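This one's a predicted model, so the numbers in the text were calculated from it and none came from an experiment.
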Amino acid sequence: MAFASLIAAGRPLRIEYEWVGHAPGPAPLLVFLHEGLGSVAMWRDFPQQLCAAVGARGLVYSRPGYGRSTPRPADEHWSPDFMHVQAREVLPALLDALGVNERPWLFGHSDGGSIALLHAAAFPEAVQGLVVLAPHIFVEEVSIRSIGKARDAYRHTDLRQRLARYHDDPDSAFHGWNDVWLDAAFRGWNIEDALGTIRCPLLAIQGLDDEYGTLEQIRGIARRVPHAQLLELPACGHSPHRDQPEAVIAAVSRCLQAGTPAR
């Protein structure tokens, strides 16, 4: 584990990160963007597995508010554009602080998938390719219901204690994500119109049993980005890399082998 110091989103931040993979030569770089309750540790060993299988290097990091990174101040409530801030300010600042001057592939899960899409839309020449798992491009009722159930679980079960294994401040991680998603002001959040500027290869994966979104999330991506490839996985929930890691790794391998930026 290592830490990067940077200034983004209007304040100094300490970001937890880890390099994984030992691919020789000019191997592609995968940057992993975690889910709404994720962190470096919550990826477990999947980044290492994927990088080893596809011959890539990996950069895994915890966003501000998560893991061992700078926690969210207790009185700070994220605004509906919080994923835009991560995509347009925090991720570029981190890559700059780490001296990354190549075009990476972005591998994002859930909120991290949305951030990956927004980054590639804002900086279309800076990204080699995208793999997004269970991303959100608009708010659905199924998402709100499941996130409401997560709030109940945080209040009445051992969820807080379990999250404390992965986050220095579990309240920071949970309420940053949960409060903004359940805020009435977030109901109109929609990034569909932003996706049309994406030029790089794009693979979007979603489980048929995803409890946080319907297949309209990735099918909506394909309508805005016609060259996008979709993978819809049966017997798979909101975390395809946990439920069906072999299928995800095989699909990513094919995408990296075939992928060249669309022009």
Side-chain angles (χ1 to χ4, degrees), residues 1-21 27-43 46-48 51 56-132 135 163 166-177 179-180 191 194 197-198 200:
M1 182 195 310
F3 295 92
S5 296
L6 53 95
I7 297 176
R11 62 190 176 111
L13 298 169
R14 189 180 80 146
I15 302 297
E16 171 193 24
Y17 72 93
E18 181 180 358
W19 293 104
V20 300
L29 172 62
L30 295 176
V31 177
F32 291 82
L33 296 98
H34 61 73
E35 63 189 296
L37 289 178
S39 67
V40 168
M42 286 190 73
W43 283 108
F46 180 80
Q48 292 91 331
C51 288
R57 297 166 296 126
L59 171 62
V60 191
Y61 75 101
S62 298
R63 296 194 296 276
Y66 296 95
R68 315 303 173 205
S69 293
T70 301
R72 176 186 58 85
D75 61 349
E76 178 182 280
H77 298 281
W78 292 346
S79 61
D81 68 346
F82 76 102
M83 285 186 269
H84 291 75
V85 172
Q86 294 298 318
R88 298 174 181 175
E89 298 182 37
V90 178
L91 178 55
L94 175 64
L95 296 176
D96 184 63
L98 296 179
V100 175
N101 53 19
E102 62 193 279
R103 298 167 64 210
W105 283 75
L106 302 182
F107 185 100
H109 174 218
S110 191
D111 282 13
S114 304
I115 293 167
L117 291 166
L118 286 166
H119 182 83
F123 308 104
E125 301 303 323
V127 179
Q128 184 73 24
L130 290 172
V131 179
V132 293
L163 288 175
Y166 304 102
H167 305 284
D168 283 345
D169 185 339
D171 291 338
S172 163
F174 184 83
H175 287 294
W177 164 76
D179 290 359
V180 68
I191 64 170
T197 57
I198 294 175
C200 63

Has Arg72 got a side-chain atom pairing as donor or acceptor with Tyr66's backbone, closer than 3.5 angstrom? no
Side chain to side chain donor-acceptor pair (under 3.5 Å) pairs touching residues 106-124, sequence neighbours excluded, are Ser110-His136, Ser110-His238, Asp111-Trp181
Mind checking what makes side chain to side chain contact (heavy atoms under 4.5 Å, CB included) contact with Val20, not counting sequence neighbours? Glu18, Pro47, Gln48, Cys51, Val60
So which heavy atom on Pro64 is nearest to which on Trp78, and how close? O-CZ2, 4.0 Å
Measuring from Arg14:CZ to Leu6:CG, what's the distance to the nearest 0.5 Å? 11.5 Å
Contacts of Tyr166 that satisfy ring-ring contact (aromatic ring centres under 6.0 Å, His included) - sequence neighbours left out: none
Applying side chain to side chain contact (heavy atoms under 4.5 Å, CB included) to Ala122 and not counting sequence neighbours gives Arg88
Rounded to the nearest 0.5 Å, what's the gap from CH2 on Trp19 to CG on Leu98? Could you check? 5.5 Å
I need the minimum non-hydrogen distance between Leu130 and Cys200, along with the two atoms involved. CG-SG, 3.8 Å
Of the non-hydrogen atoms in Val132 and Pro135, which two are nearest, and what is the gap between them? CG2-CG, 3.8 Å
Side chain to side chain contact (heavy atoms under 4.5 Å, CB included) against Asp81, all qualifying residues, sequence neighbours excluded: Ser79, His84, Val85
Pairing residues for Pro170 by the side chain to side chain contact (heavy atoms under 4.5 Å, CB included) criterion, not counting sequence neighbours: Tyr154, Arg160, Leu163, Ala164
Using every non-hydrogen atom in the two residues, find where Ala121 and Ala194 come nearest and quote the distance to one decimal. CB-O, 3.2 Å
Check the angle between the aromatic planes of Phe46 and Trp43 and answer parallel, tilted or perpendicular using the 30° and 60° thresholds. parallel
Could you list the residues that satisfy salt bridge (charged side-chain N to carboxylate O under 4.0 Å, His left out) with Arg57, not counting sequence neighbours? Glu102
Between atom CD of Glu89 and atom CG of Leu91, what is the distance when rounded to the nearest 0.5 Å? 11.5 Å
Rounded to the nearest 0.5 angstrom, the CZ-CD1 distance for Phe82 and Ile115 is 6.5 Å
Once salt bridge (charged side-chain N to carboxylate O under 4.0 Å, His left out) is applied, what residue pairs with a partner in residues 3-13 remain, sequence neighbours excluded? Arg11-Glu76
Working to the nearest 0.5 Å, report the span between CG of Leu94 and OH of Tyr17. 8.5 Å
With a cut-off of 3.5 Å and sequence neighbours excluded, list every side-chain donor-acceptor pair involving residues 32-40.
| residue | atom | partner | partner atom | Å |
| --- | --- | --- | --- | --- |
| His34 | ND1 | Gly38 | O | 3.4 |
| His34 | NE2 | Arg63 | N | 3.1 |
| Glu35 | OE2 | Arg242 | NH1 | 3.4 |
| Glu35 | OE2 | Arg242 | NH2 | 2.7 |
| Ser39 | OG | Ala41 | N | 3.4 |
| Ser39 | OG | Met42 | N | 3.3 |

For residues Leu13 and Ser69, determine if any side-chain heavy atom of one lies less than 4.5 Å from a side-chain heavy atom of the other. no
Which residues pass the side-chain hydrogen bond (donor to acceptor under 3.5 Å, both in side chains) test with Arg68, not counting sequence neighbours? Asp168
From CD1 (Ile191) to CG (Leu117), nearest 0.5 Å: 5.5 Å
Could you tell me if the side chain of Pro104 sits less than 4.5 Å from the side chain of Leu59, heavy atoms only? no
Taking only residues two or more places apart in sequence, or in another chain, which ones meet His175 in a side-chain hydrogen bond (donor to acceptor under 3.5 Å, both in side chains)? Asp179
